[in-house]
Amino acid sequence: MRIVICDDIQKDRETIRTALDTYSKTHPEYYVEVDEYNAAIDVLNRMEKGETYDIALMDICMPGVSGTDAAEEMLAQNPEISVIFLTTSAEYAVEAFAMNATHYLLKPFSQEQFNAAVDRAVKKTGNQEMLSLECVDGVYRVRISEIVSIESQNHYLLFSLASGEKLKIRMKLSQMFEKIQKYPEFIRVGASYVVNLDFVRNISQSSMEMREGVKIPIPRRSVEEVQKAYMEFCRKEAGK
């Protein structure tokens, strides 16, 4: 699990990290990676560059961008992220839950309260669909939602993930597409790519620009079909 802690007070960040470390020790079945920031804008900038998080542990009252404003933008980018607010005041609770926050903890909190909040977040994360990949360097399980694109390269497939990580497996693109074509966000782009439309920023007559700036070429014969699929996907997403 990728977890981000954001609080402008160092002592509070340390308290949250200690509580999280304690939680992790009692749940060795979870592999946890943690980033820490003292400003919400830094979290947003990190996500803008392609970083993904499963759980966000956010203070609310911070200089600059507030925790609630940041969380609203984070949830807009990734509705599957679990946001846990940790704050000294109850006055923001209604606003927090209105934006579908997973939990709201008042400082100071007990380890039991913290554990209950993270348990709820983990349960939400666990509901995300996973894909097992037998890669050249071992077996990986990845969330369907974090696959940005799949490229065919000389009998191998190169997976690009939202975190920036690359995974390589030996398989035909057609075989992999059969596994994931039930997810409407994935489309074939020519003979060499499968693309997750959730990560597309722009489509031109010759390429698709992904969020991290990577451009995927579109064969001339496929431009109309790809553009139509993208517009249909956007309409459905807007209607949700």
Side-chain angles (χ1 to χ4, degrees), residues 2 41 43-54 56 65 69-83 98-101 124-125 127-133 142-153 156-169 171-240:
R2 295 281 296 138
I41 189 64
V43 180
L44 296 178
N45 288 338
R46 184 66 174 159
M47 291 184 67
E48 182 66 26
K49 293 178 180 179
E51 183 61 86
T52 59
Y53 294 106
D54 301 299
V65 180
D69 286 344
E72 187 172 14
E73 187 169 337
M74 292 163 71
L75 286 163
Q77 292 184 40
N78 177 18
E80 296 176 341
I81 191 172
S82 292
V83 177
M99 67 174 65
N100 199 30
K124 179 180 176 180
T125 300
N127 288 334
Q128 297 182 33
E129 295 194 56
M130 308 291 289
L131 181 68
S132 294
L133 301 175
V142 301
R143 294 189 303 277
I144 295 294
S145 61
E146 70 174 320
I147 300 173
V148 176
S149 64
I150 308 169
E151 181 184 1
S152 177
Q153 294 183 344
Y156 288 90
L157 299 180
L158 183 65
F159 282 71
S160 295
L161 305 184
S163 63
E165 187 176 9
K166 305 287 186 181
L167 299 178
K168 190 174 184 180
I169 72 171
M171 181 182 286
K172 293 181 179 179
L173 191 63
S174 57
Q175 293 175 317
M176 178 52 63
F177 189 58
E178 286 181 8
K179 292 177 176 287
I180 63 173
Q181 64 180 340
K182 63 180 179 180
Y183 304 103
E185 61 266 36
F186 291 100
I187 65 168
R188 284 286 299 266
V189 180
S192 300
Y193 290 92
V194 168
V195 172
N196 185 340
L197 294 175
D198 270 329
F199 291 93
V200 175
R201 298 182 62 177
N202 178 57
I203 293 183
S204 68
Q205 291 295 321
S206 60
S207 66
M208 306 176 79
E209 183 180 350
M210 311 305 286
R211 286 186 190 176
E212 65 272 26
V214 174
K215 291 188 177 181
I216 292 178
I218 305 175
R220 189 174 304 175
R221 64 182 181 278
S222 303
V223 171
E224 185 176 348
E225 179 184 353
V226 170
Q227 290 180 337
K228 181 179 178 181
Y230 182 58
M231 293 305 297
E232 181 63 23
F233 176 77
C234 291
R235 278 195 292 268
K236 289 180 178 178
E237 288 297 297
K240 287 184 178 180

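- Expressed to the nearest 0.5 Å, how far CG of Leu158 lies from CG of Leu173 amounts to 11.5 Å.
- Between Val189 and Pro217, the closest heavy-atom pair is CG1-O, 3.6 Å.
- Under the 3.5 Å distance criterion, the side-chain polar atoms of Glu146 are matched with a main-chain donor or acceptor of Arg143.
- Formation of a donor-acceptor pair under 3.5 Å by the Tyr230 side chain with backbone atoms of Val200 is found in this model.
- Between Met176 and Ile150 there is a side-chain heavy-atom pair separated by less than 4.5 Å.
- Taken to the nearest 0.5 Å, the CD atom of Glu51 stands 4.0 Å off from the CZ atom of Arg2.
- Counting heavy atoms from C-beta outward, Leu157 and Ser152 have side chains that approach closer than 4.5 Å.
- Ser174 and Arg188 get closest at one heavy-atom pair: CA-NH1, 3.9 Å.
- Residues Ile216 and Ser149 meet the side-chain proximity criterion, which asks for heavy atoms closer than 4.5 Å.
- In this structure, CD in Gln227 is found 11.0 Å from OG in Ser222, a value given to the nearest 0.5 Å.
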Would Leu161 and Ile147 satisfy side-chain contact (heavy atoms from CB on, under 4.5 Å), going step by step from the backbone distance to the final call? CA-CA 5 Å; Leu161 305 184; Ile147 300 173; 4.2 Å; yes
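- Expressed to the nearest 0.5 Å, how far OG1 of Thr52 lies from CZ of Arg46 amounts to 10.0 Å.
- Under the side chain to side chain contact (heavy atoms under 4.5 Å, CB included) criterion, Ala229 pairs with Ile187, sequence neighbours left out.
- The number of heavy atoms from other shown groups lying within 6.0 Å of CD (Glu225) does not exceed 12.
- Between the side chain of Asn202 and the main chain of Glu209, no donor-acceptor pair closer than 3.5 Å is present.
- Annotation: the span from Asn45 atom CG to Lys49 atom NZ amounts to 6.5 Å, rounded to 0.5 Å.
- For the pair Asn196/Met210, no side-chain contact is recorded, criterion being any heavy-atom separation below 4.5 Å from C-beta on.
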Between Leu133 and Phe159, is the side-chain contact (heavy atoms from CB on, under 4.5 Å) condition met? List the steps. CA-CA 10 Å; Leu133 301 175; Phe159 282 71; 3.8 Å; yes
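- Between Glu185 and Ile144, some side-chain heavy-atom pair lies under the 4.5 Å cut-off.
- Across Phe186, Tyr183, Phe233, a single residue satisfies side-chain contact (heavy atoms from CB on, under 4.5 Å) together with Asp198, and that is Phe233.
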